[in-house]
Amino acid sequence: MHASILLGLLPFAAAQVTQVVEAPPPAPVRLNTTKSGVAPTLPTPFNGVDTLQGAIMMPLPPQPGYVGLNGTAPAQTNLPAATYRATLPSSMFNNLVGTTVRGYVEGIGTPAGVRFTVQLSGLPEQARYGPFNWHIHTLPVPANGNCTATTSHFDPTNRGELIMCEAARPETCQAGDLAGKHGGKIATPGNFSTSFVEPYLSTQPGSAYFFGGLSFVLHATNTTRLTCANFVQVNSTSNGTSPSGTGPVVPVFTGAAEKIGAGAGALVVALAAALF
Ligand SMILES: [Cu+2]
């Protein structure tokens, strides 16, 4: 190959290097305490726990009797028949996975809890990035689409996430841990859909279990946040089909400053794989 051709390729090579180094991945952070510090089930000795973006990377197995500092969640009854829908944006918060996950999560109040419908498409490659975790988080997604700003799982009973949710006792789980209570991480390729009734969330504004205005977050297996959207009230209700597209506009991520570069993201995945 002529040297002139090589020189011509240099700008492209430089651009690729720049893309990787300008957005380093968040480093895992080792915490020596957990959010709730719930007794009596902390390991002895407790040597801390690795977190990524505030989430525990490897929760301990479920343990019978483990509940939050605020006790178990009470069942939510006689809820307003209001519908709240989180519609995923057309641009992924984190594009390291090479695909855009689209779809929505919708919840409608019933006499006994919230009936949720989940419809996702375009899930990333399972072998590299899955299975995918999914939760309701404590804070809304800001206008710039930064999923990290949603902070931790919605957790009105202050349970923490050191110990995995015991699906057979959902009242002891974090209220926002939809995956933990309803089928686990998403392990199917491509598309995913499910529906269920969730007794420990509410459509009643003012309730400690109200999820309106909060956010839905989809994670890669190492907890990296892939995409997110806010639950906004909509007039129509789901009948199991796709949304009409007439719902409110949700924030669409357009900036680049918060994104994780593809190469950097792969490093995070590799690191997580090494830890597992
Ligand atoms: Cu989450």
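Throughout, residue positions are numbered sequentially from 1 according to the sequence presented.
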_Side-chain (T83) to main-chain (V234) donor-acceptor, under 3.5 angstrom_ = no

task = Indicate the ring-plane relationship of F231 and F211, choosing parallel, tilted or perpendicular according to the 30° and 60° boundaries.
result = perpendicular

Donor-acceptor check, side chain of N230 to backbone of V232, threshold 3.5 angstrom: yes or no? no

Scan the side chains in residues 68-77 for donor-acceptor partners under 3.5 Å anywhere in the protein, sequence neighbours excluded, and list what turns up.
from: N70; atom 1: ND2; to: P156; atom 2: O; distance (Å): 3.1
from: Q76; atom 1: NE2; to: P74; atom 2: O; distance (Å): 2.9

Rounded to the nearest 0.5 Å, the CG atom of L201 sits from the OH atom of Y209 at a distance of 9.5 Å

Notebook entry, point to check: Do I56 and D50 touch side chain to side chain, with heavy atoms closer than 4.5 Å?
Noted result: no

One should read off an interatomic distance between I163 CD1 and C173 SG, to the nearest 0.5 angstrom, of 12.0 Å

Rounded to the nearest 0.5 Å, the CG atom of L162 sits from the CZ atom of R159 at a distance of 9.0 Å

ask   = Will you find, in the side chains of T150 and R225, an N or O donor that is under 3.5 Å from an N or O acceptor?
value = yes

> What is the ring orientation for Y84 with F210, classed by angle as parallel under 30°, tilted 30 to 60°, or perpendicular over 60°?
Replying inline: perpendicular

Between T148 and T151 (side chain of the first, backbone of the second, donor and acceptor by atom type, cut-off under 3.5 Å), is there such a pair?
no

* Ignoring hydrogens and angles, tell me if any N or O in the side chain of T227 forms a donor-acceptor pair with the backbone of M92 under 3.5 Å. => no

Inset, instruction - Flag yes if L123 and F116 sit in one hydrophobic cluster, no otherwise; membership is Ile, Leu, Val, Met, Phe, Trp, Tyr, and two members link when side-chain heavy atoms are under 4.5 Å apart. - result: yes

Here the gap from E161 atom CD to L60 atom CG, rounded to the nearest 0.5 Å, amounts to 11.0 Å

* **Heavy-atom donor-acceptor pair, E125 side chain to V97 backbone, under 3.5 Å** => no

So OG1 of T223 and CG of L52: to nearest 0.5 Å the spacing works out to 4.0 Å

In short, salt bridge (Lys or Arg N to Asp or Glu O under 4.0 Å) pairs touching residues 53-62 with sequence neighbours left out are none

Subject >> Salt-bridge present (E171, R169; N to O < 4.0 Å) >> reply: yes

*T87 side-chain N/O to Y104 backbone N/O, donor-acceptor pair under 3.5 Å*: no

- Would a 4.5 Å heavy-atom cut-off, applied to side chains only, mark Y66 and T172 as touching? no

In short, salt bridge (Lys or Arg N to Asp or Glu O under 4.0 Å) pairs touching residues 196-221 with sequence neighbours left out are K181-E198

H153 side-chain N/O to D177 backbone N/O, donor-acceptor pair under 3.5 Å: no

